[in-house]
Amino acid sequence: QVQLVESGGGLVQAGGSLRLSCVVSGRTVSTYVYAMGWFRQAPGKDREFVAGITSSGRMTSYEDSVKGRFTISRDNAKNTVYLQMNSLKPEETAVYYCAAALKRGVPTSHLQYEYWGQGTQVTVSS
């Protein structure tokens, strides 16, 4: 059993920053075996890949629109994955989810992820 719990969402003004955290837990959990991703879903929209990181943390991948503003990282010793979000835009208002995948590389489709957190709301005011 693998459980993911996100935190760090909230309300910020456009141009502001938030840091999301995702704690992974479970019996004999070893986060290094999982690729981790952050997704977001706005009302009426499909779930969208935002950022991902390999199990080792050696490689990362970002949606084009967030490159240079968002940073995904992981601390495997703490079983935690982070998403630092800077210069937030109102159109990035969404529920943000973390997910874990038993996959090589960085999957970018939500269908490739086996485990999901409950989501945390990020609201960016204009």
Side-chain angles (χ1 to χ4, degrees):
Q1 183 181 13
V2 177
Q3 297 173 342
L4 286 68
V5 179
E6 304 99 329
S7 63
L11 174 66
V12 296
Q13 287 194 302
S17 298
L18 285 173
R19 188 176 76 155
L20 307 183
S21 299
C22 175
V23 178
V24 183
S25 63
R27 293 182 175 87
T28 65
V29 65
S30 296
T31 55
Y32 78 93
V33 306
Y34 299 105
M36 299 294 297
W38 286 96
F39 292 78
R40 62 190 177 195
Q41 188 164 24
K45 302 290 186 179
D46 292 333
R47 192 164 296 190
E48 176 186 45
F49 174 79
V50 177
I53 189 166
T54 55
S55 59
S56 67
R58 189 178 303 116
M59 295 177 60
T60 58
S61 183
Y62 298 92
E63 183 186 13
D64 286 344
S65 67
V66 308
K67 287 181 178 177
R69 297 186 297 115
F70 290 13
T71 303
I72 187 171
S73 61
R74 66 191 299 163
D75 185 341
N76 287 338
K78 295 183 177 181
N79 298 321
T80 302
V81 181
Y82 305 95
L83 184 67
Q84 177 67 46
M85 305 186 293
N86 298 328
S87 302
L88 282 160
K89 304 174 181 179
E91 58 264 36
E92 292 172 325
T93 293
V95 177
Y96 283 69
Y97 299 89
C98 66
L102 287 167
K103 301 287 190 298
R104 173 185 289 182
V106 182
T108 58
S109 170
H110 66 92
L111 299 175
Q112 297 175 287
Y113 286 79
E114 287 88 5
Y115 304 101
W116 291 85
Q118 83 287 352
T120 185
Q121 176 71 45
V122 172
T123 302
V124 186
S125 62
S126 58

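- Taking hydrophobic clusters as Ile, Leu, Val, Met, Phe, Trp and Tyr residues chained together by side-chain heavy-atom distances below 4.5 Å, Met59 does not share a cluster with Tyr34.
- Here salt bridge (Lys or Arg N to Asp or Glu O under 4.0 Å) pairs that include residues 98-107, with residues two or more places apart or in two chains, are Lys103-Glu114.
- Between Thr71 and Tyr62, the closest heavy-atom pair is CA-OH, 3.3 Å.
- Here the OH-CD distance, from Tyr96 to Glu48, works out to 8.0 Å after rounding to the nearest 0.5 Å.
- Rounding to the nearest 0.5 Å places CD1 of Ile72 at 9.0 Å from OG of Ser61.
- Counting only distance, with no hydrogens or angles, the side chain of Arg74 and the backbone of Ala35 share no donor-acceptor pair below 3.5 Å.
- Distance OG/Ser65 to CD/Glu91: 8.5 Å, rounded to 0.5 Å.
- Between Phe70 and Leu88 there is a side-chain heavy-atom pair separated by less than 4.5 Å.
- Side-chain atoms of Glu6 come within 3.5 Å of backbone atoms of Gln118 as a donor-acceptor pair (strictly under, hydrogens ignored).
- When all heavy atoms of Ala51 and Leu83 are compared, the pair lying nearest together is CB-CD1, 4.0 Å.
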Which pairs would a plain distance check flag for residues 10-19, meaning a side-chain donor or acceptor within less than 3.5 Å of a matching protein atom at least two apart in sequence or in another chain?
from	atom 1	to	atom 2	distance (Å)
Ser17	OG	Asn86	OD1	2.9

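- The shortest distance between side-chain heavy atoms of Val24 and Met36 falls below 4.5 Å.
- The hydrophobic clustering, which links ILVMFWY residues whose side-chain heavy atoms are closer than 4.5 Å, places Tyr97 and Ile53 apart.
- When every heavy atom of Gln121 is checked against every heavy atom of Thr93, the shortest pair comes out as NE2-CG2, 3.9 Å.
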Original post:
Between Ser21 and Tyr82, does a side-chain contact (heavy atoms from CB on, under 4.5 Å) hold up when you go through it step by step?
Top reply: CA-CA 5 Å; Ser21 299; Tyr82 305 95; 3.4 Å; yes

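- Using a 4.5 Å cut-off on side-chain heavy atoms (C-beta onward), Val81 and Trp38 make contact.
- Ring geometry for Trp116 versus Phe39: interplanar angle of 30 to 60°, hence tilted.
- A pairwise comparison of heavy atoms in Val95 and Gly119 identifies CG1-CA, 3.8 Å as the closest pair.
- Distance check: Met85 CE to Arg69 CZ gives 9.5 Å after rounding to the nearest 0.5 Å.
- Taking every heavy atom of both residues into account, Gln112 and Ala101 meet most closely at O-CB, 3.5 Å.
- Minimum interatomic distance between Tyr113 and Gly37 (heavy atoms only, all atoms of both residues): CE2-N, 3.6 Å.
- Linking ILVMFWY side-chain heavy atoms closer than 4.5 Å, directly or via other members, places Leu20 and Val106 in two distinct hydrophobic clusters.
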